[in-house]
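Below is one structure, written out as structure tokens; the observations come after it.
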Amino acid sequence: MREAVVGGDQSAEPGAALAADDLPDGLLVADRDGRVVAFNRMAARLCRVPASSAIGRDFRDALPLTDPDGRDWWKLSDPYGGLRTRTRQPEQRLLLPDGREVLMAARYVRDRPAGELARLVVTVRDCAPRERGERSRADLVSTVAHELRSPLTSVKGFTATVLARWDRLTERQKIFMLETVNADADRVTRLITELLSVSRIESGRLELRRAVVDLPGRVRKIIAGRVAAGDPADGFRLQVRGPLPELWLDADKIEQIMSNLLENAVRHGAGTVTVVIEPHEEGAAVTVRDEGTGIPPEAVPRVFRQFWRSRRRGGTGLGLFIVKGLIEAHGGAITVGRAPTGGAEFRFTMPAGTPEFA
């Protein structure tokens with residue numbers, strides 16, 4: 001393959017120019033006669049055409065493309081015979097001969113404005129990452145619509161009933177309906193909080209408000225809240241092993257992490273939920289385990305992905321994805337495995353150390 005160089009300054013140090021094979025996208029360059037003069041490694045991989053056989057061929061033979069309707073793209077766009085005022089071709093989704101989709105963009109290089117085409121520069125990239133992103137967004141919209149429909153329907157129904165029949169309802173009925181509306185409003189609020197967390201994690205805009213946090217105290221508070229909400233007091237066990245170093249953490253995020261892990265253990269596990277907090281490499285480690293059936297080994301790699309759910313299919317499938325993102329934002333890490341009691345065991349670490357602003 002003939003090595004092509006992209007950009008570069010003649011006065012730059014040797015080796016400072018960028019070789020075509022260094023590009024993350026496929027690159028094809030054709031001369032004024034339409035003959036391929038550069039065909040990089042990524043283009044050869046995407047098109048499954050050896051670079052050595054592409055060099056010197058007509059660009060249409062080296063990179064045959066069709067639109068979604070099956071029409072020859074190069075005949076439609078006519079790079080060498082079309083309007084001479086064109087300088088670029090916006091990115092298009094096109095098909096290779098074997099049916100695989102690629103994203104193609106082109107630059108028309110001319111010796112002078114409105115002159116003949118001197119060089120055709122084409123880039124191609126795999127469509128799969130974008131398709132995964134689009135599927136993820138579609139799944140998110142579907143999940144949100146499904147999760148919002150049930151509580152909002154309940155809120156609407158009970159509110160309409162209370163307004164229309166207030167004088168005919170007993171005090172017990174009124175209290176039941178208002179408590180249901182309040183619980184469903186809390187459910188919608190939690191969903192919105194999860195969505196905001198997902199958005200901030202994926203965009204890298206997650207902000208941490210660090211302060212010294214009493215980690216065991218926070219966990220005790222969360223457990224007490226669950227017991228007050230109706231969970232049995234003997235359903236939780238907290239063990240603090242040894243003195244912990246000073247931990248500068250975001251208290252709200254830590255509560256969100258622990259709330260999600262405890263909710264996951266209660267909903268999908270069984271028996272007593274045990275929380276162990278202990279020193280770990282100048283930081284702290286927290287283990288949450290239950291006594292249920294555990295997570296199947298084949299499902300472990302998918303646990304922290306968006307929309308992963310167990311066979312019981314409870315919740316939105318975003319909780320553990322958020323947990324992982326919040327822990328990693330603190331500089332920690334989380335793993336999942338099988339507990340000694342047979343259930344699921346989630347273990348995460350948090351580093352110690354005083355931040356610079358303190």
Side-chain angles (χ1 to χ4, degrees), residues 147 182-183 185-202 205-233 235-241 244-269 272-280 283-290 303-304 306 314-336 344-355 357-358:
E147 293 295 327
N182 183 63
D186 288 341
R187 180 178 169 186
V188 172
T189 300
R190 286 195 300 271
L191 176 59
I192 293 173
T193 300
E194 286 185 346
L195 294 175
L196 288 173
S197 296
V198 169
S199 173
R200 289 167 181 160
I201 289 170
E202 290 190 325
R205 294 185 292 106
L206 188 67
E207 296 182 1
L208 299 180
R209 303 178 186 274
R210 292 181 183 267
V212 177
V213 171
D214 176 11
L215 190 55
R218 291 284 172 173
V219 175
R220 290 189 185 96
K221 175 184 173 183
I222 296 169
I223 292 175
R226 294 198 64 93
V227 172
D231 287 342
F236 301 94
R237 182 187 300 119
L238 174 61
Q239 300 176 2
V240 181
R241 300 174 179 172
L244 300 176
E246 187 176 74
L247 298 170
W248 285 75
L249 310 169
D250 186 314
D252 292 337
K253 302 294 189 298
I254 290 300
E255 288 194 6
Q256 190 174 359
I257 290 168
M258 291 306 305
S259 295
N260 271 322
L261 290 177
L262 289 177
E263 173 71 18
N264 182 77
V266 170
R267 177 178 293 179
H268 303 293
T272 301
V273 177
T274 301
V275 181
V276 179
I277 305 176
E278 56 191 340
H280 175 75
V286 180
T287 304
V288 179
R289 62 173 69 105
D290 60 69
V303 165
F304 297 109
Q306 290 186 43
T316 61
L318 297 173
L320 292 177
F321 171 81
I322 293 171
V323 164
K324 184 174 185 289
L326 296 180
I327 290 172
E328 291 179 347
H330 281 85
I334 185 169
T335 58
V336 60
E345 177 179 283
F346 289 86
R347 177 181 172 86
F348 69 89
T349 57
M350 285 290 175
T354 305
F357 66 81

Measuring from atom CD1 of Ile322 to atom CD1 of Ile201, what distance do you get when rounded to the nearest 0.5 angstrom? 6.0 Å
As an exercise, state the distance from OG1 of Thr335 to CZ of Phe304, rounded to the nearest 0.5 Å. 7.0 Å
Find out whether Asp252 and Arg209 are in side-chain contact, i.e. whether some heavy atom of one side chain is under 4.5 Å from a heavy atom of the other. no
Where do Leu206 and Ala329 come nearest, in terms of heavy atoms and distance? CD2-CB, 3.6 Å
Identify the heavy atoms of Ala284 and Leu247 that sit nearest to each other, and give their distance. CB-CD1, 3.9 Å
With Thr349 via side chain to side chain donor-acceptor pair (under 3.5 Å) - residues at least two apart: none
Check side chain to side chain donor-acceptor pair (under 3.5 Å) between Arg237 and all other residues, then give those that pass, not counting sequence neighbours. Thr274
For atom CZ of Arg187, is the number of surrounding heavy atoms from other residues, nucleotides or ligands below 6.0 Å larger than 12? yes
Apply side-chain contact (heavy atoms from CB on, under 4.5 Å) to residues Trp248 and Val212 and explain how you reach the verdict. CA-CA 4 Å; Trp248 285 75; Val212 177; 3.5 Å; yes
Locate the shortest heavy-atom distance separating Gln256 from Ser197; write the atom from each residue and the value. NE2-OG, 3.1 Å
Once rounded to the nearest 0.5 Å, what's the spacing between atom CG of Leu262 and atom CZ of Arg267? 12.5 Å
In Å, rounded to the nearest 0.5 Å, how long is the span from CD of Glu345 to CZ of Arg289? 4.5 Å
When rounded to the nearest 0.5 angstrom, what is the spacing between CG in Leu261 and CG in Leu320? 7.0 Å
So which heavy atom on Gly319 is nearest to which on Asn260, and how close? O-ND2, 3.9 Å
side-chain contact (heavy atoms from CB on, under 4.5 Å) between Val275 and Gln239: does it pass, once the steps are laid out? CA-CA 6 Å; Val275 181; Gln239 300 176 2; over 6 Å; no
Here the pair of heavy atoms bringing His330 nearest to Pro351 is O-CG, 3.5 Å
Quick one: does Val286's side chain get under 4.5 Å of Met258's, heavy atoms only? yes
Is there side-chain contact between Ile257 and Phe348, with at least one heavy-atom pair below 4.5 Å? yes
Between Arg210 (side chain only) and Leu249 (backbone N and O only), is there a donor and an acceptor less than 3.5 Å apart? no
Show the nearest heavy-atom pair for residues Leu238 and Pro216, with the distance to one decimal. CD2-O, 4.1 Å
With a 3.5 Å cut-off and sequence neighbours excluded, list the donor-acceptor pairs that the side chains of residues 221-229 form with protein atoms.
unit_1, atom_1, unit_2, atom_2, d
Lys221, NZ, Glu255, OE2, 3.4
Arg226, NE, Asp231, OD2, 2.8
Arg226, NH1, Glu263, OE1, 2.9
Arg226, NH2, Asp231, OD2, 3.0
Arg226, NH2, Glu263, OE1, 3.3

For a quick check under 3.5 Å, do Arg347 and Thr287 share a side-chain donor-acceptor pair by atom type? yes
Contact between Val323 and Phe346 at the side-chain level, heavy atoms closer than 4.5 Å - yes or no? no
Would you call Leu208 and Lys253 a side-chain contact if the rule is heavy atoms closer than 4.5 Å? yes
Between CD1 of Ile334 and CE of Met350, what distance do you get to the nearest 0.5 Å? 8.5 Å
